[in-house]
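Here is the structure we will look at, set down as structure tokens.
We use all heavy atoms of the structure for the numbers below, so side chains are in, but hydrogens, waters and symmetry mates are not. Just so we're clear, the structure is a prediction, and the values are computed from it rather than from any experiment.
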Amino acid sequence: MKYLYRLYQLFIFLPIFLVLCILTSLSTCIGCWLGDGHFWGYYPGKIWSWLVVKLLFIPVKVEGREHLVENQSYVFVANHQGAFDIFLIYGFLNRNFKWMMKKAIRKIPLVGVACEYAHHIFLDKSGPKKIRKSYEQAESVLKEGMSLVVFPEGARTFTGHMGVFRRGAFMLADELQLPVCPLTINGSFNIKPRMKDLFWVFWHPMKLTIHEPIEPIGKGTDNIKNQMDKSYEVIMSALEPKYQGFVENPDQ
């Protein structure tokens, strides 16, 4: 079955995937250029992600949608298991949001341009002023009633285990007094691990757990620490047992 799945990926999935990437990028760019960037900056990407997962026959289970309140802005924070985290959250969270992503993604053909038109936030770490500008852009998005998705580890895991969390997402939530909603991703590491076989996709079920949002308890250092520590703890608690426990990520 493994080799049949690879033949399917090569001769059927890959051509469809390339066409989907082109159509998604074009529809995002044109739609955002014409107007309503919140709609066109989200739904083409959501449909693209949903189709990618379905075309690869990957089962997805989502738990905890009942924790989300309609029209409430959230700072979503998730563990970063692998490349399929993007498809899982974009396709199955069912919440309009903007990504906070590495500046390097802007250089990816088609995808980078589409992300720019969609007003996703590129995190530029080349200096304090650049970092502050990225955070100011994120604050303006959140003030418009939009939600934000951040991987606070900053990099995909090498082992399936979680590394440390950075404070940036929690500082944003504190500044605007927004709830932080933790997300636990399981299965993505098994599908596309960072350190194994850049080409093939490995079949494995995925699960997205939406935890109860963590409301602010005030403003300042104590609130930031509270939301960060509680997010880390609750995300860790829902990981598969074999991936629980801290393991240092060398490129964090």
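- Judged by distance alone, with hydrogens and angles left aside, the side-chain atoms of Q72 form no donor-acceptor pair with the main-chain N or O of V69 at under 3.5 Å.
- Between Y8 and F57, the ring center distance clears the sub-6.0 Å criterion.
- Between the side chain of N249 and the backbone N or O of R156 there is at least one donor-acceptor pair closer than 3.5 Å.
- By the ring pair (Phe, Tyr, Trp, His ring centres under 6.0 Å) test, F84 pairs with F87, sequence neighbours left out.
- In the hydrophobic clustering of this structure, I47 groups with F39; members are Ile, Leu, Val, Met, Phe, Trp, Tyr whose side-chain heavy atoms approach within less than 4.5 Å, directly or through other members.
- Just one residue in the list L208, L239, I235, T209 forms a side-chain contact (heavy atoms from CB on, under 4.5 Å) with I185, and that residue is L208.
- In this structure, Y117 has no ring pair (Phe, Tyr, Trp, His ring centres under 6.0 Å) partners at least two apart in sequence or on a different chain.
- Note: F13 and F17 have parallel aromatic rings, judged against thresholds of 30 and 60 degrees for the angle between ring planes.
- Proximity of Y243 to M162: side-chain heavy atoms (C-beta onward) are nowhere separated by under 4.5 Å.
- Look at E116 and R106 and you find a salt bridge, because one of the NZ, NE, NH1 or NH2 atoms lies within 4.0 Å of a carboxylate O, short of that distance.
- Checked by atom type, the side-chain pair H80/T157 shows no donor-acceptor distance below 3.5 Å.
- Note: F170 and F165 have parallel aromatic rings, judged against thresholds of 30 and 60 degrees for the angle between ring planes.
- From Q81, atom CD reaches atom CD of E240 across 7.0 Å, with rounding to the nearest 0.5 Å.
- The only option from T221, D229, N223, D222 that meets the side-chain hydrogen bond (donor to acceptor under 3.5 Å, both in side chains) definition with K225 turns out to be D229.
- Here NZ of K192 is found 15.5 Å from NE2 of H204. Values are rounded to the nearest 0.5 Å.
- S188 contributes a side-chain N or O that, together with a main-chain N or O of D85, makes up a donor-acceptor pair within less than 3.5 Å.
- In this structure, the separation between CZ on F122 and CE on M101 is 5.5 Å, given to the nearest 0.5 Å.
- Using modelled atom types, one side-chain atom of H67 and one backbone atom of I210 make a donor-acceptor pair closer than 3.5 Å.
- Ring planes of F97 and W99: perpendicular class, angle over 60° (limits at 30 and 60°).
- With rounding to the nearest 0.5 angstrom, the SG atom of C181 is 10.0 Å from the CD atom of E215.
- In the hydrophobic clustering, L26 connects to I22, L110, either directly or through intervening members, whenever side-chain heavy atoms lie under 4.5 Å apart.
- Rounding to the nearest 0.5 angstrom, the gap separating the CD atom in Q137 from the CG atom in L148 is 10.0 Å.
- V113 and L123 fall into different hydrophobic clusters, defined by Ile, Leu, Val, Met, Phe, Trp and Tyr side-chain heavy atoms under 4.5 Å apart, directly or through other members.
- By the rule that hydrophobic residues join a cluster once side-chain heavy atoms approach within less than 4.5 Å of another member, W203 and W50 end up as members of one cluster.
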